Amino acid sequence: MLANTVILTVKSGIYEGFDGGSLLKLCDRKDCVISILHPPGTFLMKGIPAANVSCNLSEAEREEFEAVLYIHQSESIEGNFFYGFRQLT
């Protein structure tokens, strides 16, 4: 049975995506699956679940994961096409 680790957000802001290459390297190295729980454009509060991970991560690996998430204080059309759609409606 796979372990299921929940990764919590370390700051509040608008989730705009992730660095796919870095995330894939982490998954390959740990032989695990990471499921991001929110679509781009979602405002995330500090301390809520951001992802489920199918393996246990060390503190350094958690920090590595946190660094690949793009959480900003404002939205941009370049970083989040959903924002552009909302501007049209």
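Bear in mind the structure is a predicted one, so any value in this text is a computation, not a measurement.
Residue Lys25 holds its NZ atom at 11.5 Å from CG of Leu23, rounded to the nearest 0.5 Å. Here the straight-line distance linking atom CZ of Phe18 with atom CG of Leu26 works out to 12.0 Å at 0.5 Å rounding.
Among residue pairs with one or both ends in residues 33-62, those qualifying as salt bridge (charged side-chain N to carboxylate O under 4.0 Å, His left out) are Lys30-Glu61; sequence neighbours excluded.
Contacts of Glu64 classified as side-chain hydrogen bond (donor to acceptor under 3.5 Å, both in side chains), with partners at least two apart in sequence or in another chain: Arg29. Checked against side chain to side chain contact (heavy atoms under 4.5 Å, CB included), Val6 has the following partners two or more places apart in sequence or in another chain: Leu8, Pro49, Asn52. Residues passing the side-chain hydrogen bond (donor to acceptor under 3.5 Å, both in side chains) test with Asp19, sequence neighbours excluded: Ser22. Not a single side-chain hydrogen bond (donor to acceptor under 3.5 Å, both in side chains) links Ser35 to another residue, sequence neighbours left out.
Applying the under-4.5 Å side-chain rule to Ile, Leu, Val, Met, Phe, Trp and Tyr, the cluster around Val10 consists of that residue alone.
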Please report the C-alpha distance between Lys11 and Ile71 in whole Å, then the side-chain angles of each, then the deciding distance to 0.1 Å, and finally whether the side-chain contact (heavy atoms from CB on, under 4.5 Å) criterion is met.
CA-CA 8 Å; Lys11 64 181 180 179; Ile71 299 177; 3.9 Å; yes
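Side-chain atoms of Thr9 come within 3.5 Å of backbone atoms of Gly47 as a donor-acceptor pair (strictly under, hydrogens ignored). The backbone N or O of Tyr15 lies less than 3.5 Å from no partner atom in the side chain of Thr42, so there is not a single donor-acceptor pair.
Clustering ILVMFWY residues whenever any of their side-chain heavy atoms sit less than 4.5 angstrom apart, transitively, puts Val68 in the very cluster that holds Ile48. Hydrophobic clustering (side-chain heavy atoms under 4.5 Å, transitive across Ile, Leu, Val, Met, Phe, Trp, Tyr) groups Ile36 together with Met45.
A heavy-atom distance below 4.5 Å is not found between the side chains of Val33 and Val53. With contacts defined as side-chain heavy-atom distances shorter than 4.5 Å, the pair Ile7/Ile34 does not qualify.
Atom CG of Asp28 is surrounded by more than 12 heavy atoms from other residues, nucleotides or ligands within 6.0 Å.
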